[in-house]
Every structure is written in C-alpha cells, then in structure tokens.
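Data block below; observations after.
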Protein chains: 2
Amino acid sequence: MTTMRAAQRQAQAKAEYNAFLAACPSRQLLDRISDKWVVLILCALGGDAAPQGPGAPRAMRYSELARLLAGVSQKMLTQTLRSLERDGLLTRTVTPTVPVTVTYELTDLGLSLHRTAREIRYWAQAHMGEVLAHRDDYDAATS
Amino acid sequence: MTTMRAAQRQAQAKAEYNAFLAACPSRQLLDRISDKWVVLILCALGGDAAPQGPGAPRAMRYSELARLLAGVSQKMLTQTLRSLERDGLLTRTVTPTVPVTVTYELTDLGLSLHRTAREIRYWAQAHMGEVLAHRDDYDAATS
DNA sequence: GAGAGCCACTTTCCATCGGGAAGTAGGCAC
DNA sequence: GTGCCTACTTCCCGATGGAAAGTGGCTCTC
C-alpha cells in the first residue's frame with residue numbers, strides 16, 4: 001500500500017467509488033459540487049472573472065465575491081464557502097485589520113476542480129444560443 | 001452576420017453572455033446543468049456506466065435509467081429528462097410497442113456537454129479520498 | 001369479462017432548502 | 001454615546017425535491 005504509486009492509487013479510487021450508487025460518498029460529493037454557486041465561486045477564485053479573459057487565480061475577499069456573484073444571498077455565500085473550505089477546496093484566512101478582512105483562496109485541490117468548473121461556465125455561455133433556439137422549437141411544437 | 005464564421009460567432013457569444021450576471025440567460029442555464037441528476041443522466045447516456053470503463057454513447061429506456069441512477073425519484077427523472085429534451089441536449093422517442101417503450105439519446109449538443117459531465121463525475125470519484133481526509137481535519141479542528 | 005400486470009409517467013403530501021431582510025459582534029472614529 | 005464598517009447569523013416564508021400512491025392504455029390469464 002505504501003509503495004503504491006499515484007497512478008495506481010487513482011485507478012483503485014476510480015474502482016472504489018461510483019457516483020451512480022446512491023450510498024457511495026462520491027454521490028454526495030457530486031451533489032455538492034454540482035451547484036451553481038460552487039461553479040461560480042471556483043470560477044471567480046480561479047481568475048475567470050477578469051474583464052480581459054481568464055487571468056491568474058487569486059485570493060478574494062468576502063465582499064468582493066458577493067459583488068461578483070450577482071444575486072447570491074449572504075447566507076448561501078457563507079454556507080457554500082464553508083462547505084468548500086471543509087472539503088479542502090479553498091482556504092479561509094482572517095486578517096485582524098479594522099474592520100476584519102476575510103480572504104478566500106483556492107487550494108491545489110480546488111484548482112484541479114476549477115478547470116472543470118470553467119468548462120461548465122464556458123459551455124453554458126457558448127451554447128446559450130443553441131439552447132434558446134431548441135427551446136423555441138420545443139415550445140412551438142408542444143403549444 | 002451570415003458570413004460570420006463559427007469561431008467568430010462563438011467568440012461573440014462568449015462576449016455576449018456572462019454567467020456572473022444574475023439576469024443573464026446563461027446564469028439560468030448554468031443553474032440547470034449544475035445538477036446531480038443532469039450530470040448522471042449525461043454520463044449514463046454517454047456510455048460511462050459500462051462495467052468495463054466508458055463505452056460508446058447509446059440510447060437508453062426510462063426504466064433502464066431509473067435502475068442505473070440509484071435513488072432517483074420517478075418525478076425528478078421525468079422532470080429532468082423533459083428539461084434536457086427542451087434544451088436540445090437529448091431526444092425522446094416513443095415506440096408504440098406493448099407496453100409502450102420510451103428511449104432517450106444524447107444529441108450532438110448533449111454529447112458536447114457529456115465530456116464535461118464525465119469529468120465532474122471522475123473528479124468526484126478520484127478525489128473522494130482527499131476530500132474525506134480534509135473533512136476529518138476540519139471537523140477535528142472545529143470540534 | 002374481470003382481474004392482474006406492465007411501462008411510463010402524474011399527482012399528492014410533506015420535509016427540507018434557498019432567498020430576502022433584519023439582527024449581531026467587535027472595534028474605531030467622531 | 002452614536003454611527004459605521006465587514007462579515008456573518010437568524011428568522012420567516014415560498015419554492016423545491018423525495019416517497020408513495022394513483023393513472024391510462026393495452027394485453028394476457030382464468
């Protein structure tokens with residue numbers, strides 16, 4: 001076990017967990033990360049919010065995230081950030097300035113998921129037109 | 001506009017839609033596709049459920065999906081499939097056998113999202129161990 | 001010809017969840 | 001003191017998801 005290389009361990013993990021099974025822990029994890037706010041937080045901290053295309057990942061303050069993720073309630077933002085911190089996807093740092101400032105930053109684990117989160121956002125933005133067209137067809141056909 | 005090539009159109013679409021904005025249609029689309037059942041349905045129809053690793057995409061029956069996505073309620077399965085059909089990600093085909101059979105199959109649009117859906121599932125399964133370890137640390141530190 | 005069965009839903013009921021708004025804590029500035 | 005700042009926390013209520021039972025069309029059995 002201790003001499004197992006990373007690739008082997010990963011292969012075993014893939015065999016061990018299966019999100020199709022209701023009782024598998026990876027099902028709950030899938031449920032947590034399949035969330036609008038999770039995707040947007042990962043994109044924000046990953047640097048995707050820069051006006052001139054994706055920038056570098058960077059730490060952001062609570063209020064900065066709240067402003068960027070338009071429409072998020074403070075309750076959901078706090079709750080989502082806490083669960084991501086608990087799962088090790090980001091770190092929460094309190095700086096005792098006045099008033100106190102709290103910054104959030106992606107961990108390596110969070111960065112690895114950020115790549116996929118970015119793809120989801122890009123997909124939604126890139127294919128919005130096609131989806132809208134399909135919706136029109138569908139609604140016209142079923143009216 | 002009609003002479004615009006695909007790459008240009010896509011670039012414009014990226015500039016046109018921004019999921020960070022609450023009122024942007026792509027925000028709603030992101031919300032719909034950021035869903036446990038959507039990810040699992042895309043994975044199932046994409047052929048990821050085969051025992052010997054990912055196979056080819058294939059059409060599946062309603063009952064087959066219900067069996068594979070352990071724990072899904074009939075209501076949510078029907079509801080999710082309908083919204084994916086409306087958005088043009090899959091097709092629904094009714095065959096008037098006895099009893100009637102209904103099959104679902106990914107469209108090209110659905111296939112393009114399947115690649116990302118597969119990544120999310122794999123990420124959850126591959127990093128489950130790390131997340132579990134972080135959770136233990138967090139819970140121990142905050143107890 | 002009265003059940004019984006099958007598939008794909010649809011409906012009903014209830015518990016949980018998410019959003020909106022208001023309240024809290026701790027410290028400095030006036 | 002009173003106000004103000006950030007980062008929450010709490011409360012209330014409407015929306016959402018799950019469990020389970022019902023529906024409809026057709027066929028097969030007794």
Side-chain angles (χ1 to χ4, degrees), chain A residues 19-24 27-41 44-45 59-87 90-105 138 142, chain B residues 19-24 27-41 44-45 59-87 90-105 138 142:
Chain A
F20 280 121
L21 305 174
C24 182
R27 165 69 72 86
Q28 272 102 287
L29 182 57
L30 178 64
D31 194 22
R32 284 208 179 278
I33 63 182
S34 300
D35 175 82
K36 172 177 62 183
W37 300 126
V38 169
V39 172
L40 289 175
I41 287 172
L45 294 177
M60 295 180 76
R61 296 185 52 177
Y62 179 88
S63 52
E64 206 178 349
L65 285 167
R67 222 174 309 117
L68 187 59
L69 309 200
V72 70
S73 66
Q74 294 186 318
K75 177 182 156 187
M76 276 313 293
L77 183 54
T78 304
Q79 210 172 93
T80 307
L81 287 168
R82 285 282 150 69
S83 86
L84 292 179
E85 186 198 2
R86 187 168 109 98
D87 289 352
L90 52 79
T91 56
R92 178 174 178 271
T93 311
V94 181
T95 313
T97 52
V98 166
V100 67
T101 56
V102 181
T103 59
Y104 297 90
E105 187 166 20
Y138 184 93
T142 57
Chain B
F20 280 121
L21 305 174
C24 182
R27 164 70 73 84
Q28 272 102 288
L29 182 56
L30 177 65
D31 194 20
R32 283 206 181 282
I33 63 181
S34 301
D35 176 82
K36 173 177 61 180
W37 300 126
V38 169
V39 172
L40 289 176
I41 287 172
L45 294 177
M60 294 180 75
R61 297 183 54 175
Y62 178 89
S63 52
E64 206 177 349
L65 284 167
R67 222 174 308 117
L68 188 57
L69 309 199
V72 69
S73 67
Q74 295 185 317
K75 177 181 157 189
M76 276 313 293
L77 183 55
T78 303
Q79 210 173 91
T80 307
L81 287 168
R82 285 281 150 69
S83 86
L84 293 178
E85 185 198 2
R86 188 168 107 98
D87 289 352
L90 52 79
T91 57
R92 177 173 178 274
T93 311
V94 180
T95 312
T97 52
V98 165
V100 66
T101 57
V102 182
T103 58
Y104 296 90
E105 188 165 20
Y138 184 92
T142 57

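Naming convention: chains lettered A, B, ... in sequence-line order (proteins, then strands); numbering from 1 in each chain. Hydrogens, waters and symmetry mates are skipped; everything else that's a heavy atom, side chains included, is used. If you're wondering where the values come from, they're calculated on a predicted model, not measured in any experiment.
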For the pair made of [atom1] in [X] and [atom2] in [N], what is the distance, rounded to whole Å?
X     : N      : atom1 : atom2 : value
A/L65 : D/dT6  : CG    : C1'   : 14 Å
B/R67 : C/dA8  : CZ    : C1'   : 13 Å
B/R92 : C/dC7  : CZ    : P     : 16 Å
A/E64 : D/dA7  : CD    : C1'   : 14 Å
B/L69 : D/dG18 : CG    : C1'   : 15 Å
B/M60 : C/dC7  : CE    : P     : 15 Å
A/M76 : C/dG20 : CE    : C1'   : 14 Å
B/L77 : C/dC9  : CG    : P     : 8 Å

Nearest atoms (heavy-atom pairs only) where [X] meets [Y]:
X     : Y     : value
A/A22 : B/A70 : CB-O, 3.5 Å
B/I33 : B/V39 : O-CG2, 4.3 Å
A/V38 : A/R32 : CG2-O, 3.3 Å

Mind checking whether [X] and [Y] have side chains closer than 4.5 Å, heavy atoms only?
X     : Y     : value
B/L81 : B/Y62 : yes
B/F20 : A/L69 : yes
B/L65 : B/V72 : no

Look at all strands and tell whether B/T101 reaches a base, only sugar-phosphate, or nothing, counting heavy atoms closer than 4.0 Å. sugar-phosphate
Given [N], is OP1 or OP2 found less than 4.0 Å from the side-chain N or O atoms of [X]?
X      : N      : answer
A/W37  : C/dC17 : no
A/R61  : D/dA7  : yes
B/R82  : C/dA8  : no
A/Y104 : D/dC8  : yes

What nucleotide, of [options], holds the atom closest to the side chain of [X]?
X     : options                : answer
A/Q79 : D/dC8, C/dA8, C/dG18   : C/dG18
B/V98 : D/dC26, C/dC13, C/dG27 : D/dC26
A/T78 : D/dC8, C/dG18, C/dG26  : D/dC8
A/Y62 : D/dC8, C/dC13, C/dA8   : D/dC8
B/P99 : D/dG25, D/dA7, C/dC9   : D/dG25
B/Q74 : C/dC9, D/dG17, D/dC8   : C/dC9
A/K75 : C/dG19, D/dG18, C/dC9  : C/dG19

Degree of bending, the helix from C/dG1-D/dC30 to C/dC30-D/dG1 (end axes from five pairs; round to 10°): 30°
Main-chain N/O of B/A19 paired to B/R27 side chain as donor or acceptor, under 3.5 Å: yes
If you round to the nearest 0.5 Å, how far is NZ of B/K36 from OG1 of B/T80? 10.0 Å
